[in-house]
Amino acid sequence: MKVAIVFNHPYEGSYCTAILKSVTAGLTKAGHTIDVLHLDNDDFDPVMRSRDLKAYKDGAPCDPQVISYRERLEDVEHLIFIFPVWWELMPAMTKGFIDKVIFPGVAFDHDHSARYNKMVKRFHQLNNITLITTMNTPSLVYRLVFGNAIKRALFTGTFWKLGYKNRKWISFNMVKFVKEEKRIKWLNKLELDFGRL
């Protein structure tokens with residue numbers, strides 16, 4: 001199976017980087033093909049500029065990095081996002097990836113034949129979306145006080161709209177406050193789980 005990982009964290013010593021290593025180790029053991037789209041290392045520009053908005057209207061992306069990502073994602077079967085939750089949301093590069101890659105002519109097309117404008121997905125091989133996030137907010141507080149912003153934005157507001165049914169969110173909470181042994185246990189479980197994928 002071909003798996004793409006969209007990774008966003010600028011610090012190489014981060015827990016997200018450790019997660020990336022565990023996930024790729026598990027996927028490698030399982031024999032999957034892995035393509036890591038490392039937004040920070042790629043110097044991905046997350047800003048939607050006027051030319052990008054015109055491109056959105058025309059259904060023809062103009063950012064060369066976006067066009068490259070489109071080619072790399074065309075035959076992916078499982079898409080994994082790994083990023084930290086900062087101020088209850090994803091970092092700017094992850095949000096920019098959603099804005100500029102989940103885009104007409106890249107991830108979907110508009111079907112104007114229906115009564116209401118409908119989105120038709122273009123990544124036909126893609127069957128599974130997995131989010132892996134880290135945060136220091138307790139899980140219950142994130143759900144009840146902050147309204148599960150990531151789930152609403154990415155699962156409902158993005159991938160549900162596009163018709164992707166198999167969506168999973170793995171959230172590691174209170175990362176800075178749990179013991180090192182627990183963080184290591186989480187990493188080992190990730191490697192084991194993705195080794196069974």
Side-chain angles (χ1 to χ4, degrees), residues 1-9 15-16 19-20 22-24 26-27 32 34-39 44 46 48 56 66 69-70 72-111 114 116-175 186 189-190 193-194 196-197:
M1 175 168 62
K2 184 171 180 183
V3 181
I5 301 173
V6 178
F7 181 81
N8 180 196
H9 202 295
Y15 192 67
C16 279
I19 287 172
L20 175 63
S22 290
V23 170
T24 54
L27 291 169
H32 300 300
I34 308 159
D35 186 6
V36 178
L37 286 64
H38 195 309
L39 304 183
F44 176 67
M48 284 283 280
Y56 188 99
V66 170
Y69 286 161
R70 175 179 63 188
R72 291 165 67 180
L73 292 169
E74 281 177 348
D75 57 348
V76 163
E77 297 165 76
H78 194 140
L79 182 59
I80 300 169
F81 288 84
I82 301 173
F83 59 86
V85 173
W86 291 340
W87 292 108
E88 320 322 323
L89 293 170
M90 69 284 283
M93 281 191 175
T94 302
K95 180 59 169 70
F97 181 91
I98 298 299
D99 291 342
K100 294 177 78 172
V101 177
I102 310 303
F103 190 96
V106 180
F108 69 93
D109 292 310
H110 288 291
D111 178 2
Y116 299 103
N117 191 11
K118 182 180 175 184
M119 290 183 280
V120 180
K121 60 186 176 184
R122 290 176 62 110
F123 298 144
H124 301 295
Q125 304 299 320
L126 182 56
N127 293 314
N128 296 283
I129 312 281
T130 301
L131 307 182
I132 306 174
T133 60
T134 62
M135 67 177 86
N136 294 317
T137 305
S139 178
L140 191 63
V141 172
Y142 191 74
R143 288 199 314 270
L144 298 181
V145 177
F146 300 114
N148 245 357
I150 292 294
K151 184 176 181 182
R152 287 173 184 254
L154 289 181
F155 275 1
T156 307
T158 303
F159 294 112
W160 177 80
K161 276 185 186 176
L162 290 174
Y164 294 105
K165 295 178 182 177
N166 300 320
R167 305 179 307 269
K168 182 178 182 179
W169 180 21
I170 303 166
S171 177
F172 295 107
N173 298 69
M174 302 292 288
V175 172
W186 286 343
K189 186 174 187 311
L190 275 175
D193 290 347
F194 280 92
R196 294 170 175 162
L197 198 64

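All heavy atoms count here, side chains included; hydrogens, waters and symmetry mates do not. For clarity, every value in this text was computed on a predicted model and none was experimentally measured.
- Within the 4.5 Å cutoff, the side chain of N166 has no heavy atoms near those of the I129 side chain.
- Within a 6.0 Å radius of CH2 in W160, no more than 12 heavy atoms belonging to other residues, nucleotides or ligands are found.
- Y15 and F172 have perpendicular rings, their planes meeting at more than 60° on a 0 to 90° scale where under 30° would count as parallel.
- With a 6.0 Å cutoff to the six-membered ring centre and a 45° limit on the axis angle, K100 counts as a cation-pi contact of F44.
- Side-chain contact check for P104 versus Y56: some heavy-atom pair is nearer than 4.5 Å.
- Put simply, CG on D109 and CZ on F103 are 11.5 Å apart, with the number rounded to the nearest 0.5 Å.
- The closest side-chain heavy-atom distance from V3 to M1 is below 4.5 Å.
- No side-chain heavy atom of P46 sits less than 4.5 Å from a side-chain heavy atom of F97.
- For the pair R167 and F155, the cation-pi criterion (under 6.0 Å, within 45° of the ring axis) is fulfilled.
- Of the possible donor and acceptor atoms, one in the side chain of T24 sits under 3.5 Å from a partner among the backbone N and O of L20.
- Heavy-atom neighbours of R72 CZ from other residues, nucleotides or ligands within 6.0 Å: above the threshold of 12.
- The side-chain contact (heavy atoms from CB on, under 4.5 Å) test with T130 singles out one residue from L197, I82, I80, and that residue is I80.
- With sequence neighbours excluded, the residues that form a side-chain contact (heavy atoms from CB on, under 4.5 Å) with N148 are Y142, R143, K151, W169.
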